[in-house]
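Everything numeric here is computed off the predicted structure, so don't read it as measured data.
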Amino acid sequence: MSTPHDNSEGPRPTVFVERQTYRMRRTMDAARLVPLLGLLLFAVPLLWPTDPENALSTSKTILYVFGVWLMLILVTIRLSWVLRSLPPSDKAPDRGGER
Amino acid sequence: MGTLNALVAVCLTYVAMLFLVAFFAERSAMRGRGGWLRSPLVYTLSLSIYCTGWTFYGAVGYAARSGLEYLTIYIGPSLVMVGWWWIVRKLVRIGRTQRITSVADLISSRFGKSTLLAVCVTILAVISATPYIALQLQSVTLSFAVFAEAGGGGQTIYTGESTALWVAMGLSLFTVVFGTRNLDANERHHGVVMAIAVEAVVKLFALLAVGAFVVWGVSGGVSETFTRIDASQLGQWQMNGGRWAGLIMLSAAAFLCLPRMFQVLVVENDDEEHLRTASWAFPLYVMLMSLFVVPVAVVGLDLLPEGSNPDLFVLTVPLDQGREGLAMLSFLGGFSSATSMVIVAAIALSTMVSNHIVMPIFLRMTGGGATVSGDVRHVVLLSRRVSIIAVVMLGYIYYRLTGGGEALAAIGLVSFAGVAQVLPAMLGGIFWRGATRLGAMAGLSVGFIIWLYTLFLPSFGPGLILPEFVLQQGAFGIDWLRPRALFGIEGLDPLVHALLWSMTLNTVAFFGVSVMTFPSPLERLQGAQFVNVFQHSGGPRSWSGGVAQSEDLMIMAQRILGPAEARALFRREATRQGLRGDLPEPSPDFLENLERELSGSVGGATAHAMVGQIVGGMSVSVEDLMAVADETAQMMEYSNRLEAQSRELTRTARQLREVNQKLTRLSVQKDAFLSQISHELRTPMTSIRAFSEILRDSDELSADELNKYASIIHDEALRLTRLLDDLLDLSVLENGQVSLNLREGQLSALLDRSAAAAAASDDGRALRLSRDPSKEALMLHTDLDRLSQVFINLIANARKYCDAPDPLLEIRVTDHGDLLWVDFIDNGSGISDDAQDVIFEKFARVGEPRVGGAGLGLAISRQIMQRLGGEITYLRGENGAAFRVSLPRPAMAAQ
């Protein structure tokens, strides 16, 4: 026959998934990226000047750090809310597969 | 003095309350009513043991010394929790599927259940936790001393040593009572978790109360506080960038690796779903914990005399302002922080020490261990209790030896850097299948040694353990081995320096050795299990089984799990295997489950060793397993496909068989018909030939005879013509070439004509008709000739075939609105079931060809009815043969 592999490999992973599944996977991506975003934002203070003339006032730095912190918490609340509808067994494909 | 007495009273009441909380939580959990004990909130609060006494008191001191640097200690864990989807979720899933009991168990299980590795991690954990426990004792002692001074000072009974001893003893008691209450298979301590959740609320509330007092009570508002901060010596952003980045990384690493954090984060986790809440609630908690630290530090520096210990500002500022109640609350907060940390750390460390050091030694000493009779549960429990007391007392001794007094934060960070050495092995183990046991050993040892040499030992100060000249000139006088400037790199902060070298070389050694070595089969299996935990959550199939005796396994399990639990487990397994009785077959599945249950009590490595002793034949090679698994999967798929095909074939065969039966029946009928029709044709032909010969050959025939013979020939010719007409008619109808001649007419008249026509033919017997003329008064608009052909056929059939002694045909007309039924029912014996299928086929004749007719009548009738838009069917369930002619509405003319 012209297609010798027909029916011999079982179900293949589908290329296109439902809209909902797609949205869920992108939310997982977002959840993975949040700590990197946090790391980046918390690394910003490394760029601030430390010489006594130009140094930022502590009150401003406090506002910045706690602002970033609060923002991260809010984003995480939102993401964990979206991710709540995962089935308990979590069959979602993960990247932890064979490398 | 009054204050101090009140303090002692409050303190004792508080401790009593904690005992009660733990007791009731434990009891309701045991009765299965503890749903609220397993809420995400309790889980999140239990994580707060990250905020220890060091955090509670020390953060303010830290801020007073180094400004905002203290935030790094909280930012690291926040980032880890915010990124729960990456690491924590996987750790928790692995912890649950593999029944991990501690960090050491995790590392040892991942790398082939290696006892040596577990021992290394345990030693590392104990060494780095001891100063930390000392730190907690010190913080409680110092805070006591503050009250002692405030209350008139110098009371000898409240000297530091005795306070620390009392606290250490009290904590040991609490931990022994609630931490080793049960040798639970899943190592959860609801009482302890509940107590530390309560303590978490207390310490948060206390710190927020002091902070609010400082901001609104002392400074007078938020903007005033900010002004005050900017005006103070902490007013400007002064940060060592290396420390800022390094400490965020360090605290994140420590959050994952600290035995006590692992205990609450992974081991005590009841439900993976709780992580979703904790992912944002824990960062929120530590953010609130750190919110008021700078204001308290600044106000403390402002108000209190030069040289006051900034580590105690949380207590001394309210006391200085005369708020003794607030100071008391603050003291309770600090007390909670310190005690909860010590309790959980002691539980976590004792589990590790008992599972990975005491039990293996005990099993070896008792000679083969596993087969010795008698309950070893008490040995496990005893070893845990002794370990708890030993761990806490080790902290006390450390405290006594160093005499306290050092800046609290410094010891904490040294301890953090110690446990962080586990991180490469841990992360490598759960994300990289190539990580090997030897790699983990190499990384851990290198990291551990460098940490000891560059950070831990120098932290005691010069001359205490490391001689002065080693610090100055390096070990053996080698310059590039100076503890604070390895490889000659100077000018780095000592902590960042130690962290950089230890973590870098640790990771390099781990990676390098892993790449160069080859893992054992068990390691590779465990590696696949850990790394791909989300793909397949099954356990490793490592027991070949068959050799093991179920009785021996039962004896061993009873000794570790307890008789009732062991029997229940064995019965469950036996039921699952479909066996009666209590002893299951030692199948690989069962052995694997048993091992996992045991590992909940004595740790993975020990459980593996114990099952191994009994089973003997240990594991099969991974390649074998893979090959078997692969083959099995292929065969399963192949057999599934075969099965589907075979089902389809069976179905087709059945259909074919049915069709074939019908064809055979038809063929038989056709044969019968052919013989019949040749007979039918032959009989008239014979008589026509015979009589025409007579007419031709004889000359002396009378006129009568001539007439008679000619009419015989004529009749026979008519019969032939009729037969041929029928055949022709049928073929015309079948080919659809017929044109209908639509007319209007009365049904009763039609029936009258049909009955008369049927009676006119001379074959068949006399037939009585039973009709109801009132129902027949209907006008029809259809091809009346064709319809009457059908009626004639049916009435003639009744005449021919009705076998009743007094044949009677009932013609019943029913008007159904859009359908008109004309039923012909005779009182004969009807048509047999199997004949009913074929009577409408061409050439079908029922019974012996007693009378003339070629079996085309009903076939023609059916074709006619199809043309007229109706149908003719055989009616089952009547007494005799019954046919129903259905006419559609358009065939009935408007009345």
Side-chain angles (χ1 to χ4, degrees), chain A residues 7-10 27-39 41-43 45-66 68-70 72-81 83-84 86 88-99, chain B residues 67-68 71-72 74-75 78-87 89-90 93 223 225-227 229-230 232 234-242 244-245 248 252 271-273 275-277 279-281 283-284 286-287 290-291 294 298 430-434 528 531-535 537 637 641:
Chain A
N7 296 327
S8 60
E9 291 175 0
T27 312
M28 291 176 198
D29 292 347
R32 287 193 181 93
L33 277 178
V34 174
L36 299 184
L37 175 73
L39 207 57
L41 289 175
F42 281 124
L46 294 176
L47 303 173
W48 291 342
T50 48
D51 54 311
E53 283 92 59
N54 300 322
L56 269 77
S57 67
T58 300
S59 56
K60 285 201 184 101
T61 58
I62 286 182
L63 284 178
Y64 175 79
V65 171
F66 281 89
V68 168
W69 212 331
L70 200 62
L72 284 180
I73 291 172
L74 293 177
V75 169
T76 313
I77 290 180
R78 175 72 196 139
L79 289 178
S80 70
W81 176 253
L83 288 173
R84 83 197 178 284
L86 277 184
S89 57
D90 185 15
K91 295 285 186 292
D94 209 81
R95 294 218 210 104
E98 213 57 72
R99 271 117 221 264
Chain B
L68 289 180
L71 285 173
T72 55
Y74 299 99
I75 289 176
S78 291
L79 287 177
V80 171
M81 282 312 285
V82 160
W84 63 292
W85 197 262
W86 254 353
I87 302 174
R89 192 173 69 108
K90 195 161 194 177
R93 177 67 68 88
S223 55
T225 311
F226 273 133
T227 322
I229 290 172
D230 287 343
S232 74
L234 305 176
Q236 282 192 324
W237 172 254
Q238 297 294 337
M239 184 60 59
N240 177 338
W244 175 264
I248 289 182
D271 185 352
E272 219 174 288
E273 274 293 285
L275 275 182
R276 267 193 327 108
T277 310
S279 70
W280 56 267
L284 185 66
V286 290
M287 191 187 87
S290 51
L291 196 55
V294 172
V298 168
I430 65 172
F431 286 110
W432 182 38
R433 283 183 63 178
V531 173
N532 300 334
V533 68
F534 290 110
Q535 268 83 43
S537 292
E637 203 196 322
R641 272 215 306 278

ask   = Does any heavy atom of chain B fall under 4.5 Å from the side chain of A:Val65, the backbone, both, or neither of them?
value = side chain
query = In terms of heavy-atom pairs under 4.5 Å with chain A, which of B:Leu291, B:Ile229, B:Val80, B:Ile248 leads?
reply = B:Leu291
message = To the nearest 0.5 Å, what is the distance between CH2 on B:Trp280 and CD1 on A:Ile73?
response = 9.5 Å
message = Main chain of A:Phe42, side chain of B:Trp244: is a donor-acceptor contact present, judged purely on distance under 3.5 Å?
response = yes
query = Which answer fits A:Ile62, side chain, backbone, both or neither, if we ask what part of it has an atom under 4.5 Å from a heavy atom of chain B?
reply = both
query = Relative to chain B, which segment of A:Leu79 carries a heavy atom at a distance below 4.5 Å: side chain, backbone, both, or neither?
reply = neither
query = What residue, out of A:Leu33, A:Leu47, A:Leu46, A:Leu74, has the most heavy-atom pairs lying under 4.5 Å from chain B?
reply = A:Leu46
request  = Sort B:Thr225 into side chain, backbone, both or neither according to what part of it lies under 4.5 angstrom from a heavy atom of chain A.
outcome  = neither
4.5 Å side-chain heavy-atom contact, B:Leu71 and A:Phe66 = yes
B:Leu79 portion near chain A, given a 4.5 angstrom heavy-atom threshold = both
request  = Could you check A:Leu63 against B:Phe226 for side chain to side chain contact (heavy atoms under 4.5 Å, CB included), going step by step and ending with a plain yes or no?
outcome  = CA-CA 10 Å; A:Leu63 284 178; B:Phe226 273 133; 4.1 Å; yes
remark   = For A:Thr76 and B:Ser279, the nearest pair of non-hydrogen atoms, with its separation, is CG2-OG, 3.4 Å
query = Between A:Trp69 and B:Ser78, which heavy-atom pair has the shortest distance, and what is it?
reply = NE1-OG, 3.1 Å
key: Options A:Leu37, A:Leu39, A:Leu72, ranked by heavy-atom pairs under 4.5 Å with chain B, top entry   = A:Leu39
inquiry  = Using side-chain heavy atoms (C-beta onward) and a distance below 4.5 Å, is A:Leu36 in contact with B:Trp86?
reply    = yes
ask   = What closest approach, in Å, do B:Asp230 and A:Ser59 show between heavy atoms, and which atom pair accounts for it?
value = OD2-OG, 2.6 Å
query = Is any side-chain heavy atom of A:Pro35 less than 4.5 Å from a side-chain heavy atom of B:Trp84?
reply = no
